[in-house]
Amino acid sequence: MFSDFRAFVIKFLYCAFKSSGWRQEEVMRVRFAPAPTGYLHLGGARTALFNWLLAKQHQGKFILRVEDTDIKRSTQESVQVILDSLNWLGITWDEGPYFQSERIHIYKEYIEKLLQENKAYYCYCTPEELKAQRQEALESPDRPAYDGRCQNLSLAQRQEYESGGRKPVVRFQILPGMTTVNDLIRGELTFDNKLLGDFIILKSDGMPTYNFACIIDDALMEITHVIRGEDHISNTPRQILLSQALGFKLPIFAHLPLILGTDKTPLSKRHGDVAIGHYIQEGYLPEALVNYLALLGWSTSDSQQIISGSELVVKFSLERVSKNPAIFDLEKLRWLNGEYIKGLDIDTLTGLCGKYLNKIENRKSKIENRKFKEIVRLFQERMRTLGDFVERARFFFVDTGSLVYEPEAMTLLTKNGVSEIMEQVKTKLSQLSSFTPDSIEMCIRRLAEELRIKAADIIHPLRAALTGSKVSPGIFEVVALLGKKIVTERISKVLKN
RNA sequence: GUCCCCAUCGACUAGUGGCCCAGGUCAUCACCCUUUCACGGUGACGGCGGGGGUUCGAAUCCCCCUGGGGACGCCA
């Protein structure tokens, strides 16, 4: 009696866990297997992260495997970018990177074995012929894409094709039946074999296809858990069938929900900034990105938002991974990044901001270290990325001559009576002997009293004059850090215009 | 078209039959603080896609519909 069906399912899966051979005492082995055809994107990074988290949690091994069987599209630069991105995120691997392109001889062995056992066969259909077949299949339902026409080719027919210059592929023969995938996240998924079609396992260029190389490597590398994106679900029955044909032990599968863009389609280049490299450049912290990525499809029972990497290692679990796709929300990432920046000690943050200084055009050559640190301090709770710092603190680092005035700032400066006020401010400030935020504040407030105006009437135009903007950190700190010389210089400049 | 998956505020999610006329976080809005911005504080707005069941009782279980997504490559 299953009063609680879900408990039953969980129990069932637990048994699947056991029967597939993995016991807690055994070393968990997971892998991340990117194709080096571009950069590491957000989805891949999350897949890598979840694998890594699990490996760390169970003191297992995280294996990096580069799936470069598409020789046309794989590049060395891409490999480097992916490795760099993983390193930046703090996702370290215990083994690898292995390259599938260096393991061709291994795949060939197994191809040979399947051929010998009549579990695979040569196919001489050309891409054009296949395309036509596919078209037909699409029109008449219930027909597999490939009809198996090369299955029983005679030696003579094969020789005829070969002499015609055709290079064969090798197809895996699918036997009728049903194949069940036990997925840790989704439960039991059943597929009808006849819908799978005799798929290609060796391409005519001699390279194995994804499904083949993948399952061979997973088996030989003794992968215990295959954790990957949901887009691989339909590959899984194929891989299971291959695995069984070869007598391999099956790993445990877990398919993660996809990450989508705001238009609810899977995140891709079309959505713009999906490369991890982009977030590195914009000044996101790896800890923040890791935190955000973890929250995309996974959560704690109390919806905790800020979770450090080490805490993630302890708390993460596949059981709590959600089944529905998650939409990537840049605003939340920015917020999280801001939280992490606020949590940084000032010296660390100063160091990080220092690296972004060279992004400022027309920058003055040098700045005192102590002063720079104070500037960073002013922006610590105002920035969400290090890129924000560059933009907002720019006025500290450029010459008065190249300071840009925003239209809103100009409006503040051209109001009636502002010139007179600024003239007074300049005089008073230049007479100050101690140039600290406190003394400056006292000076300005006293001046406001003398002129019988509100302090704000001095502060706003002063901010505009010094920063070129109507927003900035506290003006007294800004004045103090800018220094008397630059302050008088900038006020003079606006008075002239 | 066929197969598979999914469905709670605008977004991420909590929720495993009564603690939920649904909780947290981001975003949005208002107020407080205040020299602007940000921070911080207080509060508001806002959701179980629809329809049938099962049950004393359903966001939670079942069915149908609808919607979204994935796969159907000599890409991975």
Side-chain angles (χ1 to χ4, degrees), chain A residues 4-7 10 33-37 67-70 72-74 123 125-127 130-131 134 137-145 167-171 181 183 186-187 189-192 195-197 199-205 207 209-211 213-214 229-235 237 255 257-258 260 262 264-266 292 295-306 320 322-336 338 342 378-384 392 412 441 444-445 454-460 462-464 467 469-476:
Chain A
D4 187 340
F5 181 70
R6 186 148 175 182
I10 287 169
T37 53
E67 308 216 320
D68 54 351
T69 51
D70 184 346
K72 287 188 215 79
R73 295 198 300 149
S74 298
C123 166
C125 297
T126 62
L130 291 172
K131 203 173 167 188
R134 213 170 293 135
L138 230 48
E139 278 155 25
S140 54
D142 223 42
R143 181 121 64 89
K167 285 230 171 15
V169 299
V170 176
R171 284 182 185 273
V181 179
D183 189 285
R186 270 148 232 280
L189 315 173
T190 304
F191 298 81
D192 190 335
L195 266 9
L196 265 25
F199 58 94
I200 295 173
I201 53 179
L202 188 75
K203 301 186 246 181
S204 58
D205 65 0
M207 297 296 272
T209 56
Y210 162 73
N211 277 313
C214 181
E230 192 188 337
D231 48 340
H232 285 292
I233 283 187
S234 57
N235 284 322
H255 288 93
L258 261 20
L260 313 179
T262 38
K264 295 196 172 192
T265 64
Y292 180 68
L295 254 24
L296 232 39
W298 175 82
S299 61
T300 60
S301 58
D302 60 351
S303 284
Q304 181 184 352
Q305 302 296 308
I306 297 179
R320 294 195 60 86
S322 116
K323 291 185 205 172
N324 29 340
I327 295 173
F328 179 77
D329 181 12
L330 185 65
E331 278 312 311
K332 187 156 182 180
L333 204 211
R334 285 180 53 79
W335 166 76
L336 212 38
K342 271 185 263 171
L378 284 187
F379 286 95
Q380 182 160 24
E381 61 184 25
R382 280 169 238 263
M383 60 169 133
R384 296 198 151 180
R392 295 183 198 176
L412 283 172
E441 174 163 14
I444 300 253
R445 293 202 187 279
K454 287 181 291 182
D457 292 332
I458 299 177
I459 288 166
H460 292 304
L462 179 59
R463 165 176 293 115
T467 70
S469 166
K470 64 170 194 169
V471 302
S472 84
I475 192 66
F476 309 121

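Below, chain A is the first sequence line, B the second, and so on; all start at residue 1.
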Base, sugar-phosphate or nothing for A:Leu258? Non-hydrogen atoms, less than 4.0 Å. sugar-phosphate
Can you name the atoms? Protein N/O to nucleotides 27-29 of chain B N/O, anything below 3.5 Å, with the distance.
| unit_1 | atom_1 | unit_2 | atom_2 | d |
| --- | --- | --- | --- | --- |
| B:A27 | OP1 | A:Arg384 | NH1 | 3.0 |
| B:A27 | OP1 | A:Arg384 | NH2 | 3.3 |

Side-chain donor/acceptor of A:Gln305 to backbone N/O of A:Ser303, under 3.5 Å: yes
Modelled atom types, side-chain donor and acceptor of A:Ser322 and A:Asn324, under 3.5 Å: yes
Counting the atoms with a prime plus P, OP1 and OP2 as sugar-phosphate, which does A:Lys342 contact under 4.0 Å by heavy atoms, base, sugar-phosphate, or nothing? sugar-phosphate
Using a cut-off of 4.0 Å on non-hydrogen atoms, how would the nucleic acid contact of A:Ser303 be classed: base, sugar-phosphate, or nothing? base
Nearest to the A:Lys323 side chain among B:G69, B:C6, B:U36, which nucleotide is it? B:C6
Whole-Å C1' distance, B:G46 and B:A22: 13 Å
Need one value for A:Ser299: base, sugar-phosphate or nothing, where a base atom within 4.0 Å counts as base even if backbone is also close, heavy atoms only. sugar-phosphate
Within the side chain of A:Gln304, is there an N or O that forms a donor-acceptor pair under 3.5 Å with the backbone of A:Ile306? yes
When the distance from CG of A:Leu333 to C1' of B:C12 is rounded to whole Å, what number comes out? 12 Å
Separation between the P atoms of B:C62 and B:A44, rounded to whole Å: 36 Å
Would a distance-only check, ignoring hydrogens and angles, find a side-chain to backbone donor-acceptor pair under 3.5 Å from A:Arg186 to A:Val181? no
Touch class at under 4.0 angstrom, heavy-atom based, for A:Ser204 against every strand present: base
Check this one for me: any side-chain N or O of A:Lys203 less than 4.0 Å away from OP1 or OP2 of B:A76? yes
Please report the shortest heavy-atom distance between A:Arg171 and A:Cys123, naming the atom on each side. NE-SG, 3.2 Å
Between atom CG in A:Leu189 and atom P in B:G70, what is the gap in whole Å? 17 Å
When all nucleic acid strands are considered with a 4.0 Å heavy-atom cut-off, which category describes A:Arg320: base, sugar-phosphate, or nothing? sugar-phosphate
Specify the closest pair of heavy atoms between A:Thr69 and A:Lys203, including all atoms of both residues, with the distance to one decimal. O-NZ, 3.2 Å
For atom NZ of A:Lys342, is the number of surrounding heavy atoms from other residues, nucleotides or ligands below 6.0 Å larger than 12? yes
Quantified in whole Å, what is the C1' atom distance between nucleotide B:G43 and nucleotide B:C37? 22 Å
Quote, to the nearest angstrom, the P distance that separates B:C64 from B:C48. 23 Å
Would you mind classifying the nucleic acid contact of A:Lys470 as base, sugar-phosphate or nothing, using non-hydrogen atoms under 4.0 angstrom? base
Can a donor-acceptor pair under 3.5 Å be found between the side-chain atoms of A:Arg186 and the base atoms of B:C5? no
Should B:U42 form a Watson-Crick or G-U wobble pair with both distances under 3.5 Å, which nucleotide is its partner? B:A30
Would you mind reading off the distance between A:Phe379 atom CZ and B:U36 atom C1', rounded to a whole angstrom? 12 Å
Starting from the 5' end of RNA chain B, give me the residue, A:Phe328 or A:Asp231, whose nearest nucleotide shows up first. A:Phe328
Go through the steps for A:Thr262 and A:Phe328 under the test side-chain contact (heavy atoms from CB on, under 4.5 Å), then give the verdict. CA-CA 7 Å; A:Thr262 38; A:Phe328 179 77; over 6 Å; no
Need the pair for B:G67. Rule: Watson-Crick or G-U wobble, both distances under 3.5 Å, any strand; none if unpaired. B:C6
Under 4.0 Å between any heavy atoms, over every strand shown, what does A:His232 touch: base, sugar-phosphate, or nothing? Just pick one. base
Nucleotide opposite B:C72 in a Watson-Crick or G-U pair, distances under 3.5 Å: B:G1
Separation of B:A38 C1' from A:Arg334 CZ (nearest whole Å): 12 Å
Whether the side chain of A:Asn235 and the base of B:A76 hold a donor-acceptor pair under 3.5 Å is what I'd like checked. yes
Just the rounded figure in Å: distance from C1' of B:G73 to CG of A:Leu196. 14 Å
Checking all strands, does A:Pro473 fall into the base, sugar-phosphate, or nothing category for heavy-atom contacts under 4.0 angstrom? base
Hey, does A:Phe476 reach any base, or is it just sugar-phosphate, or nothing, if we go heavy atoms under 4.0 Å? base
Which pair of non-hydrogen atoms, one from A:Asp183 and one from A:His255, has the smallest distance, and what is that distance? OD2-ND1, 2.6 Å
Can you check whether A:Trp335's main-chain N or O pairs, donor with acceptor, with A:Tyr292's side chain at less than 3.5 Å? no
What's the CD-C1' distance between A:Gln305 and B:A11, to the nearest Å? 11 Å
State whether A:Arg134 places a side-chain N or O below 4.0 Å from either non-bridging phosphate oxygen (OP1 or OP2) of B:G73. yes
Select base, sugar-phosphate, or nothing to describe what A:Ala326 touches, counting heavy atoms under 4.0 Å on all strands. sugar-phosphate
Please check the phosphate of B:C72 (OP1 and OP2 only) for any side-chain N or O of A:Ser234 closer than 4.0 Å. no
Would you indicate what A:Thr190 reaches in the nucleic acid, counting non-hydrogen atoms under 4.0 angstrom: base, sugar-phosphate, or nothing? sugar-phosphate
Quote, to the nearest angstrom, the P distance that separates B:C19 from B:U35. 48 Å
5′-ward residue of the pair A:Ile475/A:Pro34 relative to RNA chain B: A:Ile475
For atom NE2 of A:His255 and atom P of B:A71, their distance in whole Å: 12 Å
When all nucleic acid strands are considered with a 4.0 Å heavy-atom cut-off, which category describes A:Thr69: base, sugar-phosphate, or nothing? sugar-phosphate
Separation of B:A14 atom P from A:Asn324 atom CG, nearest Å, is 8 Å
Taking A:Arg73 for its side chain and A:Thr37 for its backbone only, find out whether a donor-acceptor pair lies under 3.5 Å. no
When we call it a touch if two heavy atoms are under 4.0 Å apart, what does A:Gly474 touch: a base, just sugar-phosphate, or nothing? base
